[in-house]
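The structure displayed is predicted, hence computed values, not measured ones.
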Amino acid sequence: MRRTRILTAVLALAAGLLAGTPPVVAAGNASEVPLAADTYTWKNARIDGGGFVPGIVFNRKEKNLAYARTDIGGAYRWQESSKTWTPLLDSVGWDDWGHTGVVGLASDPVEPDKVYAAVGTYTNSWDPKNGAVMRSSDRGASWQKTVLPFKLGGNMPGRGMGERLAVDPNKNSVLYLGAPSGKGLWRSTDSGVSWSQVTAFPNPGTYQQDPSDTSGYASDNQGVVWVTFDESTGTAGTATRSIYVGVADLQNSVYRSTDGGASWSRLAGQPTGYLAHKGVLDAVNGYLYLTYSDKGGPYDGGKGQVWRYATATGTWTNISPVAEADTSYGFSGLTVDRQKPRTVMATAYSAWWPDTQIFRSTDSGATWTKAWDYTSYPDRANRFTLDVSSTPWLTWGANPSPPEQSPKLGWMTESLEIDPFNSNRMMYGTGATLYGTENLTNWDSGSKFTIKPMVQGLEETAVNDLASPPSGAPLLSALGDLGGFRHTDLTKVPPMMFTQPNFTTTTSLDFAETNPNTVVRVGNLDSGPHIAFSTDNGANWFAGTDPSGVSGGGTVAASSDGGRFVWSPDGAGVRYTTGFGTSWSASSGIPAGAIVESDRVDAKTFYGFKSGKFYVSTDGGATFTASAATGLPSGDSVRFKALPGVKGDVWLAGGAADGAYGLWHSTDSGATWTRLSNVDQADTVGFGKAAPGASYQTLYTSAKIGGVRGVFRSTDKGASWTRINDDAHQWGWTGAAITGDPRVYGRVYVSTNGRGVIYGDTSDTGGGGPTDPTDPPPTGACAVTYKITNQWSGGFQADVQLANTGSSAWSGWALAWTFPNGQTVNQAWNAETTQSGSAVTAKNVGWNANVAAGSSVSFGFTGTWSGTNGKPTAFRVGDRSCTVS
């Protein structure tokens with residue numbers, strides 16, 4: 001993964017996240033708007049990975065229980081039965097978008113149902129909120145949160161060091177958290193509910209990647225970076241006595257307490273001039289292993305060492321796999337085989353060329369072997385085979401010269417873990433994916449072990465733009481870092497990202513509405529063109545020619561017939577061309593940096609927006625004229641689109657808390673605008689296939705309507721709205737792009753900033769709309785689907801779908817059932833539950849009270865069980881029994 005990864009979320013912020021931070025007070029009377037509810041099924045358009053995986057954590061008490069953390073895309077739990085990952089932080093909402101960045105993760109070694117995540121994306125002003133520690137007693141199915149008095153930085157420099165969050169293996173009510181920004185070491189003694197600073201800890205860290213950075217990003221003190229317990233110095237129920245803590249300080253990187261955290265001292269004799277990225281303790285043999293780098297990572301690092309500390313004698317031994325003089329990288333990834341604790345492994349995390357390196361020792365670091373080595377330079381001999389057939393884009397379409405190979409073992413390899421119950425299984429994270437092997441010990445016997453992506457379900461791309469053409473591939477995406485993909489099948493990983501050229505980040509794309517084989521995309525590239533064209537619906541590409549001064553992609557628009565293009569790049573003014581961009585002419589009447597779009601009917605009409613002004617060109621982009629319309633958002637946190645099939649029909653979403661913020665509609669090419677009074681705020685707008693019986697295309701938006709933040713659909717030109725996501729499916733920030741599918745009613749594609757492309761399909765075949773709030777309680781027929789979606793020892797998660805199969809709408813509902821085996825509900829979402837004995841009643845919450853005839857609503861909960869976890873067999877709404885499926 002290229003080093004632009006660190007800026008992915010910042011690019012999203014520049015697109016309007018900071019300016020579009022939701023206000024406290026809603027505009028107008030929209031908070032009183034009644035909302036319908038619908039049940040959607042949400043999935044990812046499969047890419048598999050696509051971002052940095054800085055942490056992998058195996059539980060050391062229970063087999064096959066593992067977690068992964070990402071820098072901006074949340075946390076995941078491993079599902080052994082399907083060999084996939086389950087996302088755990090999709091419930092993080094718009095206001096708390098920063099809590100999708102995970103800087104620390106801990107799985108309770110005493111009570112495996114418990115898991116903790118330290119969340120927060122930036123420690124500088126880019127993230128307006130403080131960090132938090134989230135705690136779960138059902139393996140991440142549901143969470144409680146404690147907000148901290150400081151920020152955390154899941155996407156900050158140094159995020160691959162760790163783990164910063166740790167549970168005492170002897171007294172699991174005690175947790176420690178290493179904080180950045182000079183905030184020191186923190187401790188909880190009540191299982192993460194409350195936290196206090198460990199005032200006796202002497203060193204809050206000193207290391208800054210770049211002290212001169214005025215943004216506060218690279219100049220932040222990386223702080224306290226890992227905590228490790230020596231479990232041999234405690235007994236069950238009493239706090240562990242010896243605790244080791246790593247600090248971002250080139251001269252003083254390791255501290256120890258021998259009295260359960262009451263006092264601390266610098267570990268004598270330690271190496272200096274380096275940062276200890278990881279500290280992993282082998283209590284069986286009494287060794288603390290440490291990987292060192294001269295930089296904080298995750299992509300920088302020029303020199304490194306590996307050391308072993310004998311906890312009983314205080315002896316330090318340099319066990320570096322190679323001499324420091326021969327390194328051009330730092331060490332970070334570090335793991336001990338708990339089945340064979342003399343086996344230790346480490347990674348050269350910052351080795352980009354020709355490849356990362358993985359080292360393995362079976363004698364506690366006395367001798368090492370490498371994952372690959374030179375035979376006769378530049379030829380290599382690999383101990384592994386690397387099979388990326390499940391995620392073929394990991395080759396990047398490259399055909400490098402030796403000693404480089406494609407695909408690579410990776411880069412930014414800061415996480416590395418051997419399964420504590422299985423010496424043959426190892427997982428490690430890179431800047432682009434999560435790799436693993438299940439025959440690791442072949443390494444020692446001289447036969448090759450097989451590495452494959454073990455990343456399905458973990459989706460970590462940041463999405464800048466989306467398009468769903470009326471023919472050809474159903475989805476085209478513009479992504480940070482990877483560039484983007486053409487999905488011909490949403491359930492399968494595409495064979496390759498966009499190449500020729502491969503932008504480090506694609507910022508905008510468009511297709512010709514009446515000739516969708518013609519596609520254009522623009523993006524960022526360190527050296528090379530910033531625009532590319534396709535004449536086969538995005539399957540193959542060729543580069544255009546940049547006009548002078550272009551420094552970044554900006555936005556681009558294709559005419560409806562594909563005969564001309566308008567481009568608003570970074571670093572230059574708006575340009576237009578006929579043909580495929582071999583030469584460009586300057587557009588007049590429109591300022592540099594304007595957002596540009598095309599009319600979807602008239603091939604010579606293009607639109608632009610900049611700083612509160614809407615612009616129109618009727619001569620193919622040569623000249624633009626500013627509309628006289630006023631009252632539009634004054635800033636540039638705006639996205640607008642023209643409706644396919646209707647000339648001059650344009651929708652505009654955007655704004656900011658300190659000014660106009662909402663959704664506007666024009667039917668005269670932007671000459672006049674009407675603001676929708678029933679929308680508080682809106683940040684995106686898109687169109688999809690019209691509902692059955694409707695003449696106008698379906699509208700989709702990421703917005704705040706009726707006082708509720710969510711993803712909404714309208715089948716009646718915005719007169720009424722249906723919230724189609726729910727509190728369990730929010731995905732943080734969804735403000736970059738949205739589009740419906742012109743071929744499938746109800747299907748919508750939603751951008752996220754780190755959880756990839758989400759798509760939803762409706763269970764509603766008719767579109768529906770809000771019902772009159774004075775309607776009587778439901779009396780019609782009903783149907784229920786009850787599914788246990790996850791189950792573990794003593795706990796489970798269930799999803800319930802309740803359908804209104806009668807002929808009249810509901811304006812409120814209450815579903816009752818009786819558990820057959822004494823189960824109890826712990827926590828519910830999208831419903832309020834009460835329980836008396838085995839009898840449970842789930843009632844609607846405010847936003848999903850209205851259920852149209854033929855529509856349905858869903859909710860979920862976690863619960864406890866003992867012995868048997870049988871499903872309820874009878875459900876009632878009011879005095880009516882429901883059909884059970």
Side-chain angles (χ1 to χ4, degrees), residues 3 5-14 17-18 21 51-52 54-55 69-75 89 92 95-105 116-134 145-165 176-186 195-198 201 203-227 245-250 275 277 295-300 412 414 462 732-733 753-754:
R3 45 180 87 190
R5 176 66 187 153
I6 65 166
L7 298 178
T8 298
V10 181
L11 292 169
L13 293 171
L17 179 52
L18 290 181
T21 302
F52 182 36
R69 65 177 173 93
T70 68
D71 48 7
I72 62 173
L89 294 181
V92 173
D95 289 349
D96 295 323
W97 62 266
H99 290 171
T100 60
V102 185
V103 74
L105 196 149
Y116 302 86
V119 298
T121 300
Y122 298 104
T123 61
N124 63 353
S125 62
W126 297 342
D127 188 343
K129 290 201 170 184
N130 282 347
V133 174
M134 302 182 71
K145 181 189 298 185
T146 297
V147 177
L148 299 167
F150 50 86
K151 296 182 179 184
L152 294 176
N155 201 36
M156 294 291 289
R159 59 193 180 275
M161 295 192 280
E163 291 289 319
R164 293 175 183 259
L165 184 64
Y176 284 85
L177 171 66
S181 312
K183 302 300 181 181
L185 181 67
W186 290 68
W195 293 83
S196 59
Q197 188 172 8
V198 181
F201 192 77
N203 188 352
T206 61
Y207 179 78
Q208 303 164 278
Q209 178 179 294
D210 180 5
S212 67
D213 177 18
T214 57
S215 75
Y217 180 76
S219 57
D220 186 50
N221 174 2
Q222 294 181 17
V224 180
V225 295
W226 54 262
V227 179
V245 172
V247 176
D249 181 332
L250 290 167
L275 304 174
H277 275 228
K295 305 290 184 181
Y299 44 84
D300 57 358
M412 296 166 60
E414 293 220 60
W733 189 69
N753 187 41

Restricting to side chain to side chain donor-acceptor pair (under 3.5 Å), what partner residues turn up for [X], sequence neighbours left out?
X: Y116; answer: none
X: S215; answer: D213
X: E163; answer: R69
X: S212; answer: D210

Minimum heavy-atom separation for [X] to [Y], with atom names?
X: R159; Y: D71; value: NE-OD2, 3.3 Å
X: H277; Y: G297; value: CE1-N, 4.1 Å
X: P128; Y: W97; value: CD-CZ2, 3.9 Å
X: G160; Y: F52; value: CA-CZ, 4.3 Å
X: W186; Y: S196; value: CE3-C, 3.2 Å
X: G182; Y: P204; value: O-CB, 3.5 Å

[X]: which residues meet the side chain to side chain contact (heavy atoms under 4.5 Å, CB included) condition with it, sequence neighbours left out?
X: A118; result: V103, L152, L165, L177
X: K151; result: T123, N130
X: D96; result: V92, H99, K129, K145
X: T206; result: N203, D249

Backbone of A218 reached by a side-chain donor or acceptor of Q209 within 3.5 Å: no

Donor-acceptor under 3.5 Å (D220 side chain, Y217 main chain): no

Residues V198, Y176; criterion side chain to side chain contact (heavy atoms under 4.5 Å, CB included); working and verdict: CA-CA 9 Å; V198 181; Y176 284 85; 4.1 Å; yes

Approximate separation, where rounding is to 0.5 Å, of R164 CZ and Q222 CD: 7.5 Å

Measuring only between side-chain heavy atoms, which start at C-beta, is [X] closer than 4.5 Å to [Y]?
X: L185; Y: V247; result: no
X: L89; Y: M134; result: yes
X: P54; Y: E414; result: no
X: N753; Y: T100; result: no
X: Y207; Y: P157; result: no

Pair N155, T121: side-chain N/O donor-acceptor within cut-off below 3.5 Å: no

Partners meeting ring pair (Phe, Tyr, Trp, His ring centres under 6.0 Å) with W226 (sequence neighbours left out): none

For F201, ring pair (Phe, Tyr, Trp, His ring centres under 6.0 Å) partners two or more places apart: Y255, W264

